[in-house]
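First comes the structure, then the notes that go with it.
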Amino acid sequence: MTRAGHDPVHAVVDDGLRRLAALGGDLADHANGLGAILWSPPRVVIVGRLKAGKSTLVNALIGAPVAETAALEATKVVTIYQDGAPSRAEVVGLDGVRRPVAVSPGAEMALPIPAAEVGHVHRWLPSAAIRDVTLIDTPGLATLTAPNEAATRRALIDGVDQTRTASVDADAAVFLFDATPRADELEFLRTLPFTPLNVLGVLSRADGFGEGALGQQDPLVLARSHAAELGRRLARTATAVTPISGLMAQTAYTGALTERDAQLLAGLAPYHPLDLVDLLDSDDPAPLTPADRDRLLDLLGEYGILHGRGVARSGAAALGAWLAERSGVEDLRRLMHASIGRVAVWHRAGRILDRLDRLAYQHPARDQIRTIAHQMRSAPALRQVTLLEDLARLLQVDPESPLVDEVRDLLAGDTACGRLGLAADADPALIRATAQQRLADAQQRAAFSTQSAAEDTALVTVIAAYQDMLSAR
Ligand SMILES: Nc1nc2c(ncn2[C@@H]2O[C@H](COP(=O)(O)OP(=O)(O)O)[C@@H](O)[C@H]2O)c(=O)[nH]1
Ligand SMILES: [Mg+2]
(Lines give C-alpha, C1' and ligand atoms only; values in the text may rest on other atoms or scores of the structure.)
(Ligands and ions follow the chains in the order given, each with its own letter.)
Protein backbone atom coordinates (compact mmCIF):
# COMPACT_ATOMS: atom_id res chain seq x y z
CA MET A 1 0.00 0.00 0.00
CA THR A 2 1.39 3.34 -0.90
CA ARG A 3 1.11 6.57 0.93
CA ALA A 4 3.39 8.23 -1.54
CA GLY A 5 2.64 11.80 -2.49
CA HIS A 6 3.23 10.87 -6.11
CA ASP A 7 0.22 8.59 -6.22
CA PRO A 8 -2.15 10.26 -8.74
CA VAL A 9 -5.27 9.52 -6.62
CA HIS A 10 -3.74 11.26 -3.63
CA ALA A 11 -2.55 14.14 -5.78
CA VAL A 12 -6.03 14.86 -7.19
CA VAL A 13 -7.76 14.60 -3.80
CA ASP A 14 -5.08 16.68 -2.10
CA ASP A 15 -5.43 19.36 -4.74
CA GLY A 16 -9.23 19.44 -4.31
CA LEU A 17 -8.89 19.71 -0.53
CA ARG A 18 -6.50 22.64 -0.94
CA ARG A 19 -9.11 24.43 -3.00
CA LEU A 20 -11.70 23.62 -0.35
CA ALA A 21 -9.45 25.10 2.36
CA ALA A 22 -8.93 28.20 0.23
CA LEU A 23 -12.66 28.94 0.48
CA GLY A 24 -11.83 29.87 4.05
CA GLY A 25 -13.84 29.90 7.27
CA ASP A 26 -14.78 26.53 8.70
CA LEU A 27 -14.01 24.90 5.35
CA ALA A 28 -10.30 25.03 6.18
CA ASP A 29 -11.03 22.80 9.20
CA HIS A 30 -13.13 20.45 7.11
CA ALA A 31 -10.34 20.25 4.54
CA ASN A 32 -7.85 19.42 7.29
CA GLY A 33 -10.09 16.70 8.68
CA LEU A 34 -10.51 15.13 5.26
CA GLY A 35 -6.78 15.50 4.58
CA ALA A 36 -6.06 13.52 7.74
CA ILE A 37 -8.14 10.67 6.33
CA LEU A 38 -6.34 10.92 3.00
CA TRP A 39 -2.86 10.75 4.50
CA SER A 40 -3.46 8.07 7.11
CA PRO A 41 -2.95 4.43 6.06
CA PRO A 42 -5.93 2.49 4.72
CA ARG A 43 -7.82 0.48 7.31
CA VAL A 44 -8.26 -3.25 6.94
CA VAL A 45 -10.78 -4.91 9.20
CA ILE A 46 -10.50 -8.57 10.23
CA VAL A 47 -13.91 -10.26 10.36
CA GLY A 48 -15.09 -13.80 10.99
CA ARG A 49 -16.70 -15.96 13.62
CA LEU A 50 -15.72 -16.05 17.26
CA LYS A 51 -12.57 -18.22 17.63
CA ALA A 52 -11.84 -18.15 13.91
CA GLY A 53 -8.32 -16.96 14.76
CA LYS A 54 -8.73 -13.22 14.09
CA SER A 55 -6.79 -11.88 17.08
CA THR A 56 -4.07 -14.48 16.60
CA LEU A 57 -3.65 -13.30 13.02
CA VAL A 58 -3.57 -9.64 14.10
CA ASN A 59 -0.75 -10.46 16.52
CA ALA A 60 1.13 -12.28 13.77
CA LEU A 61 0.76 -9.38 11.34
CA ILE A 62 1.79 -6.78 13.92
CA GLY A 63 4.62 -8.94 15.22
CA ALA A 64 3.67 -8.46 18.86
CA PRO A 65 1.15 -10.14 21.16
CA VAL A 66 -1.15 -7.12 21.45
CA ALA A 67 -4.55 -8.48 20.45
CA GLU A 68 -6.22 -10.38 23.25
CA THR A 69 -6.99 -14.00 22.52
CA ALA A 70 -7.94 -14.87 26.08
CA ALA A 71 -9.04 -11.91 28.23
CA LEU A 72 -12.77 -11.93 27.92
CA GLU A 73 -13.56 -8.21 28.12
CA ALA A 74 -11.05 -7.19 25.48
CA THR A 75 -12.20 -9.88 23.05
CA LYS A 76 -15.67 -8.29 23.07
CA VAL A 77 -14.70 -4.93 21.58
CA VAL A 78 -13.59 -3.67 18.19
CA THR A 79 -9.96 -2.53 18.34
CA ILE A 80 -8.05 -0.36 15.88
CA TYR A 81 -4.28 -1.00 15.77
CA GLN A 82 -2.38 1.90 14.31
CA ASP A 83 1.32 2.65 14.04
CA GLY A 84 2.26 5.46 16.40
CA ALA A 85 4.23 6.45 19.45
CA PRO A 86 3.98 6.47 22.39
CA SER A 87 2.24 3.17 22.88
CA ARG A 88 -1.21 4.09 24.19
CA ALA A 89 -4.93 3.42 23.94
CA GLU A 90 -8.21 5.29 24.02
CA VAL A 91 -11.62 3.80 24.55
CA VAL A 92 -14.15 5.50 22.28
CA GLY A 93 -17.64 5.29 23.72
CA LEU A 94 -20.80 5.03 21.68
CA ASP A 95 -21.39 8.58 22.93
CA GLY A 96 -18.26 9.62 21.00
CA VAL A 97 -16.28 10.41 24.17
CA ARG A 98 -12.63 9.28 24.10
CA ARG A 99 -11.19 7.95 27.34
CA PRO A 100 -7.46 7.23 27.66
CA VAL A 101 -6.69 3.83 29.23
CA ALA A 102 -3.47 2.46 30.61
CA VAL A 103 -1.70 -0.21 28.58
CA SER A 104 1.18 -2.23 29.90
CA PRO A 105 2.85 -5.20 28.26
CA GLY A 106 1.43 -8.50 29.36
CA ALA A 107 -1.36 -6.97 31.42
CA GLU A 108 -4.97 -7.18 30.45
CA MET A 109 -6.47 -3.83 29.46
CA ALA A 110 -9.27 -2.77 31.80
CA LEU A 111 -12.20 -1.06 30.10
CA PRO A 112 -13.39 2.10 31.89
CA ILE A 113 -16.98 1.55 30.70
CA PRO A 114 -19.00 -1.62 30.05
CA ALA A 115 -18.14 -3.38 26.77
CA ALA A 116 -21.68 -2.80 25.51
CA GLU A 117 -21.11 0.97 25.66
CA VAL A 118 -17.81 0.87 23.79
CA GLY A 119 -17.79 1.91 20.14
CA HIS A 120 -14.21 0.82 19.68
CA VAL A 121 -10.76 0.92 21.22
CA HIS A 122 -8.04 2.86 19.42
CA ARG A 123 -4.60 1.46 20.12
CA TRP A 124 -1.37 3.09 18.91
CA LEU A 125 1.91 1.27 19.01
CA PRO A 126 5.18 1.77 17.20
CA SER A 127 5.37 -1.03 14.63
CA ALA A 128 6.77 -0.90 11.10
CA ALA A 129 4.50 -3.81 10.22
CA ILE A 130 1.43 -1.55 10.41
CA ARG A 131 2.97 1.59 8.98
CA ASP A 132 1.17 1.22 5.65
CA VAL A 133 -2.01 -0.41 6.85
CA THR A 134 -4.03 0.00 10.01
CA LEU A 135 -5.59 -3.24 11.28
CA ILE A 136 -8.96 -3.55 12.97
CA ASP A 137 -9.73 -6.59 15.11
CA THR A 138 -13.41 -7.38 15.70
CA PRO A 139 -15.19 -9.55 18.27
CA GLY A 140 -16.73 -11.54 15.48
CA LEU A 141 -19.95 -12.82 14.20
CA ALA A 142 -21.76 -15.59 15.89
CA THR A 143 -25.34 -16.27 16.63
CA LEU A 144 -24.17 -17.46 20.05
CA THR A 145 -22.87 -14.04 20.99
CA ALA A 146 -25.35 -11.47 19.79
CA PRO A 147 -23.66 -8.55 21.63
CA ASN A 148 -20.37 -9.29 19.84
CA GLU A 149 -22.12 -9.34 16.53
CA ALA A 150 -23.89 -6.10 17.33
CA ALA A 151 -20.58 -4.44 18.22
CA THR A 152 -19.01 -5.61 14.98
CA ARG A 153 -21.90 -4.43 12.84
CA ARG A 154 -22.11 -1.07 14.58
CA ALA A 155 -18.44 -0.41 13.97
CA LEU A 156 -18.43 -1.45 10.34
CA ILE A 157 -21.62 -0.18 8.93
CA ASP A 158 -21.47 3.53 8.52
CA GLY A 159 -24.96 4.32 9.67
CA VAL A 160 -26.56 7.70 10.10
CA ASP A 161 -25.95 10.40 12.65
CA GLN A 162 -25.71 8.84 16.11
CA THR A 163 -24.05 5.63 14.99
CA ARG A 164 -21.55 7.35 12.76
CA THR A 165 -19.25 8.11 15.68
CA ALA A 166 -19.03 4.37 16.25
CA SER A 167 -17.93 3.59 12.71
CA VAL A 168 -14.29 2.64 12.25
CA ASP A 169 -14.18 3.62 8.57
CA ALA A 170 -12.70 0.44 7.18
CA ASP A 171 -11.46 0.37 3.58
CA ALA A 172 -11.07 -3.35 3.05
CA ALA A 173 -11.77 -6.59 4.88
CA VAL A 174 -9.94 -9.81 5.59
CA PHE A 175 -12.60 -12.46 6.09
CA LEU A 176 -11.50 -15.45 8.17
CA PHE A 177 -13.26 -18.79 8.21
CA ASP A 178 -12.31 -22.38 8.71
CA ALA A 179 -13.45 -25.11 6.30
CA THR A 180 -16.33 -23.37 4.51
CA PRO A 181 -17.98 -20.02 5.20
CA ARG A 182 -21.52 -20.22 6.44
CA ALA A 183 -24.51 -18.57 4.83
CA ASP A 184 -24.94 -16.06 7.67
CA GLU A 185 -21.29 -15.00 7.36
CA LEU A 186 -21.60 -14.44 3.62
CA GLU A 187 -24.81 -12.54 4.24
CA PHE A 188 -23.02 -10.30 6.73
CA LEU A 189 -20.24 -9.56 4.25
CA ARG A 190 -22.79 -8.44 1.71
CA THR A 191 -24.05 -5.82 4.15
CA LEU A 192 -20.60 -4.20 4.36
CA PRO A 193 -19.96 -1.29 2.01
CA PHE A 194 -17.39 -3.31 0.06
CA THR A 195 -17.09 -5.11 -3.23
CA PRO A 196 -15.39 -8.50 -3.76
CA LEU A 197 -12.33 -6.48 -4.79
CA ASN A 198 -11.76 -5.19 -1.27
CA VAL A 199 -12.43 -8.47 0.49
CA LEU A 200 -9.75 -11.10 0.93
CA GLY A 201 -10.80 -14.56 2.08
CA VAL A 202 -8.59 -16.45 4.53
CA LEU A 203 -8.91 -20.15 5.26
CA SER A 204 -7.74 -20.06 8.86
CA ARG A 205 -6.31 -22.72 11.16
CA ALA A 206 -4.83 -24.44 8.12
CA ASP A 207 -2.57 -26.54 10.38
CA GLY A 208 -5.65 -28.41 11.59
CA PHE A 209 -7.38 -28.66 8.23
CA GLY A 210 -8.96 -31.94 7.09
CA GLU A 211 -8.01 -34.77 9.42
CA GLY A 212 -5.45 -32.60 11.16
CA ALA A 213 -1.82 -33.20 11.99
CA LEU A 214 -2.10 -37.00 12.02
CA GLY A 215 -4.18 -37.33 8.85
CA GLN A 216 -3.01 -39.15 5.74
CA GLN A 217 -2.35 -35.88 3.98
CA ASP A 218 -0.51 -32.82 5.17
CA PRO A 219 -3.26 -30.40 6.32
CA LEU A 220 -1.36 -27.36 4.99
CA VAL A 221 -1.20 -28.91 1.52
CA LEU A 222 -4.88 -29.88 1.65
CA ALA A 223 -5.81 -26.40 2.86
CA ARG A 224 -3.96 -24.83 -0.06
CA SER A 225 -5.94 -26.71 -2.67
CA HIS A 226 -9.20 -26.22 -0.77
CA ALA A 227 -8.52 -22.46 -0.60
CA ALA A 228 -7.95 -22.32 -4.35
CA GLU A 229 -11.25 -24.12 -4.93
CA LEU A 230 -13.06 -21.78 -2.50
CA GLY A 231 -11.49 -18.80 -4.24
CA ARG A 232 -13.28 -19.84 -7.42
CA ARG A 233 -16.56 -20.54 -5.64
CA LEU A 234 -16.50 -17.28 -3.68
CA ALA A 235 -15.53 -15.06 -6.62
CA ARG A 236 -18.61 -12.94 -5.94
CA THR A 237 -17.52 -12.38 -2.37
CA ALA A 238 -13.74 -12.18 -2.24
CA THR A 239 -10.85 -11.37 -4.53
CA ALA A 240 -8.98 -14.54 -3.49
CA VAL A 241 -8.85 -17.10 -0.70
CA THR A 242 -5.52 -17.90 0.91
CA PRO A 243 -4.75 -20.46 3.65
CA ILE A 244 -3.03 -19.52 6.88
CA SER A 245 -1.99 -20.92 10.20
CA GLY A 246 -2.27 -17.85 12.39
CA LEU A 247 -0.91 -19.77 15.35
CA MET A 248 2.33 -20.73 13.59
CA ALA A 249 2.67 -17.20 12.21
CA GLN A 250 2.05 -15.64 15.62
CA THR A 251 4.72 -17.78 17.26
CA ALA A 252 7.18 -17.07 14.46
CA TYR A 253 6.70 -13.30 14.39
CA THR A 254 6.13 -12.33 18.02
CA GLY A 255 9.48 -13.65 19.25
CA ALA A 256 7.80 -16.13 21.56
CA LEU A 257 10.19 -19.04 20.89
CA THR A 258 13.17 -19.69 23.13
CA GLU A 259 16.16 -21.99 22.64
CA ARG A 260 14.76 -24.08 25.45
CA ASP A 261 11.52 -24.58 23.48
CA ALA A 262 13.55 -25.73 20.48
CA GLN A 263 15.55 -28.14 22.66
CA LEU A 264 12.45 -29.61 24.25
CA LEU A 265 10.91 -30.08 20.82
CA ALA A 266 14.06 -31.62 19.35
CA GLY A 267 13.98 -34.09 22.26
CA LEU A 268 10.68 -35.43 20.90
CA ALA A 269 12.20 -36.31 17.52
CA PRO A 270 12.61 -40.07 18.17
CA TYR A 271 8.91 -40.71 18.92
CA HIS A 272 6.56 -42.37 16.47
CA PRO A 273 3.79 -39.86 15.60
CA LEU A 274 1.06 -41.96 17.27
CA ASP A 275 3.10 -42.34 20.46
CA LEU A 276 3.80 -38.65 20.42
CA VAL A 277 0.10 -37.79 20.23
CA ASP A 278 -0.58 -40.15 23.16
CA LEU A 279 2.18 -38.45 25.07
CA LEU A 280 0.72 -35.00 24.41
CA ASP A 281 -2.62 -36.24 25.72
CA SER A 282 -1.30 -37.99 28.79
CA ASP A 283 -1.39 -36.87 32.43
CA ASP A 284 2.32 -37.58 32.67
CA PRO A 285 3.88 -36.45 29.40
CA ALA A 286 7.49 -37.40 30.36
CA PRO A 287 10.09 -36.44 29.16
CA LEU A 288 8.09 -33.19 29.21
CA THR A 289 6.53 -31.70 32.32
CA PRO A 290 2.81 -30.96 31.94
CA ALA A 291 3.63 -27.22 31.91
CA ASP A 292 6.19 -27.62 29.10
CA ARG A 293 3.77 -29.76 27.13
CA ASP A 294 1.08 -27.07 27.46
CA ARG A 295 3.53 -24.39 26.44
CA LEU A 296 4.63 -26.28 23.32
CA LEU A 297 1.02 -26.96 22.35
CA ASP A 298 0.10 -23.29 22.84
CA LEU A 299 3.04 -22.16 20.73
CA LEU A 300 3.05 -24.76 18.00
CA GLY A 301 -0.15 -26.76 18.00
CA GLU A 302 -0.10 -30.47 17.20
CA TYR A 303 1.07 -29.89 13.66
CA GLY A 304 3.99 -27.71 14.70
CA ILE A 305 5.09 -30.24 17.31
CA LEU A 306 4.81 -33.22 14.99
CA HIS A 307 6.47 -31.65 11.96
CA GLY A 308 8.78 -29.13 13.61
CA ARG A 309 10.78 -31.67 15.66
CA GLY A 310 13.47 -32.21 13.02
CA VAL A 311 14.15 -28.56 12.27
CA ALA A 312 14.11 -27.76 16.01
CA ARG A 313 17.48 -29.54 16.24
CA SER A 314 18.94 -26.52 14.42
CA GLY A 315 17.71 -24.13 17.09
CA ALA A 316 14.95 -21.60 17.77
CA ALA A 317 15.81 -19.31 14.85
CA ALA A 318 15.56 -22.17 12.35
CA LEU A 319 12.31 -23.34 13.92
CA GLY A 320 10.91 -19.80 13.73
CA ALA A 321 11.85 -19.48 10.07
CA TRP A 322 10.21 -22.82 9.32
CA LEU A 323 7.01 -21.75 11.11
CA ALA A 324 6.93 -18.45 9.25
CA GLU A 325 7.42 -20.14 5.91
CA ARG A 326 4.79 -22.82 6.54
CA SER A 327 2.22 -20.46 8.09
CA GLY A 328 1.26 -18.79 4.80
CA VAL A 329 1.43 -15.32 6.36
CA GLU A 330 3.77 -13.95 3.68
CA ASP A 331 1.28 -14.78 0.93
CA LEU A 332 -1.40 -13.08 2.98
CA ARG A 333 0.73 -9.98 3.50
CA ARG A 334 1.45 -9.81 -0.23
CA LEU A 335 -2.24 -10.07 -1.11
CA MET A 336 -3.17 -7.52 1.53
CA HIS A 337 -0.78 -4.97 0.15
CA ALA A 338 -0.95 -5.60 -3.58
CA SER A 339 -4.48 -6.74 -4.14
CA ILE A 340 -6.93 -5.33 -1.62
CA GLY A 341 -4.43 -2.61 -0.71
CA ARG A 342 -4.76 -0.78 -3.98
CA VAL A 343 -8.56 -1.00 -3.83
CA ALA A 344 -8.51 0.27 -0.25
CA VAL A 345 -6.84 3.47 -1.47
CA TRP A 346 -9.67 4.00 -3.96
CA HIS A 347 -12.26 3.22 -1.30
CA ARG A 348 -10.67 5.78 0.98
CA ALA A 349 -10.77 8.47 -1.71
CA GLY A 350 -14.42 7.58 -2.33
CA ARG A 351 -15.19 8.08 1.35
CA ILE A 352 -13.65 11.53 1.24
CA LEU A 353 -15.73 12.47 -1.81
CA ASP A 354 -18.80 11.10 -0.10
CA ARG A 355 -18.16 13.33 2.93
CA LEU A 356 -17.64 16.27 0.65
CA ASP A 357 -21.06 15.63 -0.90
CA ARG A 358 -22.64 15.51 2.54
CA LEU A 359 -20.86 18.69 3.53
CA ALA A 360 -22.14 20.46 0.41
CA TYR A 361 -25.63 19.41 1.37
CA GLN A 362 -25.50 21.33 4.67
CA HIS A 363 -23.16 24.19 3.89
CA PRO A 364 -23.92 27.73 2.63
CA ALA A 365 -21.00 27.40 0.17
CA ARG A 366 -22.72 24.38 -1.36
CA ASP A 367 -22.19 25.40 -4.97
CA GLN A 368 -18.45 25.90 -4.64
CA ILE A 369 -18.08 22.65 -2.71
CA ARG A 370 -20.08 20.79 -5.36
CA THR A 371 -17.90 22.23 -8.09
CA ILE A 372 -14.74 21.05 -6.33
CA ALA A 373 -16.19 17.56 -5.76
CA HIS A 374 -17.28 17.38 -9.38
CA GLN A 375 -13.86 18.42 -10.66
CA MET A 376 -12.21 15.78 -8.48
CA ARG A 377 -14.56 13.07 -9.70
CA SER A 378 -13.98 14.01 -13.34
CA ALA A 379 -10.21 13.61 -13.13
CA PRO A 380 -9.09 10.48 -15.03
CA ALA A 381 -6.88 9.56 -12.04
CA LEU A 382 -10.06 9.10 -10.01
CA ARG A 383 -11.85 6.95 -12.56
CA GLN A 384 -11.16 3.80 -10.51
CA VAL A 385 -12.60 5.51 -7.44
CA THR A 386 -15.89 6.20 -9.22
CA LEU A 387 -15.94 2.75 -10.83
CA LEU A 388 -15.58 1.20 -7.40
CA GLU A 389 -18.53 3.23 -6.11
CA ASP A 390 -20.52 2.15 -9.17
CA LEU A 391 -19.66 -1.49 -8.60
CA ALA A 392 -20.67 -1.31 -4.93
CA ARG A 393 -24.00 0.26 -5.90
CA LEU A 394 -24.65 -2.30 -8.64
CA LEU A 395 -23.92 -5.17 -6.28
CA GLN A 396 -26.36 -3.74 -3.74
CA VAL A 397 -29.31 -3.10 -6.02
CA ASP A 398 -28.68 -4.87 -9.32
CA PRO A 399 -26.22 -7.74 -8.79
CA GLU A 400 -27.27 -9.61 -11.94
CA SER A 401 -26.57 -6.66 -14.24
CA PRO A 402 -24.11 -7.44 -17.07
CA LEU A 403 -22.34 -4.22 -16.07
CA VAL A 404 -21.07 -5.92 -12.90
CA ASP A 405 -18.51 -7.94 -14.84
CA GLU A 406 -17.62 -5.06 -17.13
CA VAL A 407 -16.96 -2.67 -14.24
CA ARG A 408 -15.06 -5.35 -12.37
CA ASP A 409 -12.77 -5.94 -15.36
CA LEU A 410 -12.17 -2.22 -15.69
CA LEU A 411 -11.13 -2.13 -12.03
CA ALA A 412 -9.05 -5.28 -12.04
CA GLY A 413 -6.57 -4.33 -14.73
CA ASP A 414 -3.52 -2.16 -14.21
CA THR A 415 -3.23 -1.33 -17.91
CA ALA A 416 -5.62 -0.82 -20.82
CA CYS A 417 -4.98 -4.44 -21.90
CA GLY A 418 -5.91 -5.73 -18.47
CA ARG A 419 -9.00 -3.55 -18.26
CA LEU A 420 -10.19 -4.75 -21.65
CA GLY A 421 -9.41 -8.37 -20.86
CA LEU A 422 -6.75 -8.53 -23.61
CA ALA A 423 -3.37 -10.24 -23.40
CA ALA A 424 -0.61 -8.05 -21.96
CA ASP A 425 1.22 -7.97 -25.31
CA ALA A 426 -1.86 -7.18 -27.40
CA ASP A 427 -1.32 -5.09 -30.52
CA PRO A 428 -2.00 -1.34 -29.99
CA ALA A 429 -4.39 -1.37 -32.95
CA LEU A 430 -6.39 -4.17 -31.34
CA ILE A 431 -6.46 -2.34 -28.00
CA ARG A 432 -7.78 0.77 -29.71
CA ALA A 433 -10.37 -1.10 -31.75
CA THR A 434 -11.58 -2.98 -28.67
CA ALA A 435 -11.88 0.18 -26.60
CA GLN A 436 -13.73 1.87 -29.46
CA GLN A 437 -16.13 -1.04 -29.78
CA ARG A 438 -16.83 -1.12 -26.03
CA LEU A 439 -17.31 2.62 -25.98
CA ALA A 440 -19.84 2.42 -28.81
CA ASP A 441 -21.69 -0.43 -27.06
CA ALA A 442 -21.84 1.48 -23.81
CA GLN A 443 -23.01 4.67 -25.51
CA GLN A 444 -25.74 2.75 -27.27
CA ARG A 445 -26.92 1.15 -24.05
CA ALA A 446 -26.89 4.53 -22.32
CA ALA A 447 -28.99 6.04 -25.09
CA PHE A 448 -31.55 3.36 -25.83
CA SER A 449 -31.97 0.68 -23.23
CA THR A 450 -34.13 0.78 -20.20
CA GLN A 451 -32.06 0.14 -17.12
CA SER A 452 -31.81 0.77 -13.44
CA ALA A 453 -30.55 4.03 -11.99
CA ALA A 454 -27.44 2.20 -10.77
CA GLU A 455 -26.76 1.03 -14.32
CA ASP A 456 -27.30 4.51 -15.72
CA THR A 457 -24.78 5.96 -13.29
CA ALA A 458 -22.26 3.18 -13.94
CA LEU A 459 -22.58 3.60 -17.71
CA VAL A 460 -21.52 7.25 -17.44
CA THR A 461 -18.28 6.19 -15.71
CA VAL A 462 -17.72 3.21 -18.02
CA ILE A 463 -18.01 5.49 -21.06
CA ALA A 464 -15.54 7.93 -19.51
CA ALA A 465 -13.16 5.04 -18.75
CA TYR A 466 -13.11 3.96 -22.42
CA GLN A 467 -12.68 7.57 -23.50
CA ASP A 468 -9.69 7.84 -21.13
CA MET A 469 -8.11 4.85 -22.86
CA LEU A 470 -8.68 6.26 -26.32
CA SER A 471 -7.35 9.70 -25.51
CA ALA A 472 -4.32 8.32 -23.67
CA ARG A 473 -2.78 6.83 -26.81
N1 LIG B 1 -4.13 -24.75 15.75
C2 LIG B 1 -4.42 -23.46 15.56
N3 LIG B 1 -5.05 -22.76 16.51
C4 LIG B 1 -5.33 -21.48 16.29
C5 LIG B 1 -5.00 -20.83 15.06
N6 LIG B 1 -5.40 -19.54 15.13
C7 LIG B 1 -5.95 -19.39 16.36
N8 LIG B 1 -5.92 -20.54 17.05
C9 LIG B 1 -6.41 -20.75 18.41
O10 LIG B 1 -7.82 -20.56 18.40
C11 LIG B 1 -8.25 -19.87 19.58
C12 LIG B 1 -9.04 -18.65 19.18
O13 LIG B 1 -8.18 -17.76 18.51
P14 LIG B 1 -8.46 -16.19 18.50
O15 LIG B 1 -7.38 -15.58 17.66
O16 LIG B 1 -8.64 -15.66 19.86
O17 LIG B 1 -9.85 -16.14 17.71
P18 LIG B 1 -10.84 -14.90 17.48
O19 LIG B 1 -12.00 -15.10 18.40
O20 LIG B 1 -11.28 -15.02 16.04
O21 LIG B 1 -10.08 -13.65 17.74
C22 LIG B 1 -6.98 -19.57 20.37
O23 LIG B 1 -6.84 -20.53 21.36
C24 LIG B 1 -5.87 -19.71 19.35
O25 LIG B 1 -4.66 -20.12 19.92
C26 LIG B 1 -4.33 -21.61 14.06
O27 LIG B 1 -3.98 -21.14 12.98
N28 LIG B 1 -4.09 -22.91 14.37
MG1 LIG C 1 -10.48 -12.11 19.09
Side-chain angles (χ1 to χ4, degrees), residues 1-23 27-45 80 82-84 124 128-136 158 167-173 193-195 197-198 200 239 333-360 368-392 410-416 418-419 461 464-465 468-469 471-472:
M1 264 170 230
T2 49
R3 266 202 282 171
H6 309 297
D7 170 29
V9 173
H10 280 78
V12 168
V13 177
D14 193 45
D15 182 58
L17 293 180
R18 277 171 207 280
R19 277 181 287 137
L20 181 69
L23 295 177
L27 291 176
D29 295 336
H30 284 292
N32 275 335
L34 295 173
I37 300 180
L38 179 68
W39 296 108
S40 63
R43 295 179 162 193
V44 175
V45 65
I80 301 178
Q82 185 167 352
D83 176 40
W124 288 266
I130 47 173
R131 198 148 294 157
D132 293 333
V133 51
T134 292
L135 295 178
I136 305 170
D158 196 13
S167 165
V168 292
D169 289 339
D171 301 298
F194 298 141
T195 71
L197 297 174
N198 25 6
L200 179 62
T239 186
R333 237 191 267 273
R334 195 174 41 73
L335 284 165
M336 263 178 66
H337 286 251
S339 163
I340 58 172
R342 96 194 216 287
V343 180
V345 170
W346 301 333
H347 187 268
R348 162 145 298 206
R351 272 206 288 121
I352 292 173
L353 285 168
D354 186 49
R355 297 212 175 182
L356 215 49
D357 290 342
R358 280 191 235 149
L359 179 64
Q368 286 109 309
I369 301 175
R370 285 219 176 103
T371 304
I372 291 172
H374 178 74
Q375 284 168 346
M376 284 157 84
R377 277 213 169 79
S378 317
L382 259 61
R383 202 69 70 212
Q384 307 299 89
V385 174
T386 316
L387 283 168
L388 187 66
E389 291 174 335
D390 292 335
L391 180 60
L410 282 168
L411 282 164
D414 279 325
T415 61
R419 289 172 191 154
T461 324
D468 290 344
M469 285 181 205
S471 61

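Just the heavy atoms: all of them, side chains too, but no hydrogens, waters or symmetry mates, feed the values below. Quick caveat: nothing in here was measured; it's all calculated off a predicted structure.
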At their closest point, which heavy atom of Met336 faces which heavy atom of Leu135, and how far apart are they? CE-CD2, 3.8 Å
Quick one: list whatever passes salt bridge (Lys or Arg N to Asp or Glu O under 4.0 Å) with Asp171, sequence neighbours left out. Arg348, Arg351
Residues which pass side-chain hydrogen bond (donor to acceptor under 3.5 Å, both in side chains) with Thr195, listed by chain and number, not counting sequence neighbours: Asn198
Tell me every residue that passes salt bridge (Lys or Arg N to Asp or Glu O under 4.0 Å) with Arg383, counting only those two or more places apart in sequence or in another chain. Asp468
Identify, with sequence neighbours excluded, every residue that meets salt bridge (Lys or Arg N to Asp or Glu O under 4.0 Å) alongside Arg377. Asp357, Glu389
Residues in salt bridge (Lys or Arg N to Asp or Glu O under 4.0 Å) contact with Arg370, at least two apart in sequence or another chain: none
With sequence neighbours left out, what residues match Ala22 under side-chain contact (heavy atoms from CB on, under 4.5 Å)? none
Can you sort out the partners of Gln375 under side-chain hydrogen bond (donor to acceptor under 3.5 Å, both in side chains), two or more places apart, ordered by chain and number? Arg19
Non-neighbouring partners of Thr239 that pass side-chain contact (heavy atoms from CB on, under 4.5 Å), sequence neighbours left out: Leu200, Ser339, Ile340
Can you name the side-chain hydrogen bond (donor to acceptor under 3.5 Å, both in side chains) partners of Asn32, sequence neighbours left out? none
side-chain hydrogen bond (donor to acceptor under 3.5 Å, both in side chains) partners of Asp414, counting only residues at least two apart: Arg342
Does any N or O in the side chain of Arg419 come within less than 3.5 Å of the main-chain N or O of Gly413, such that one atom is a donor and the other an acceptor? yes
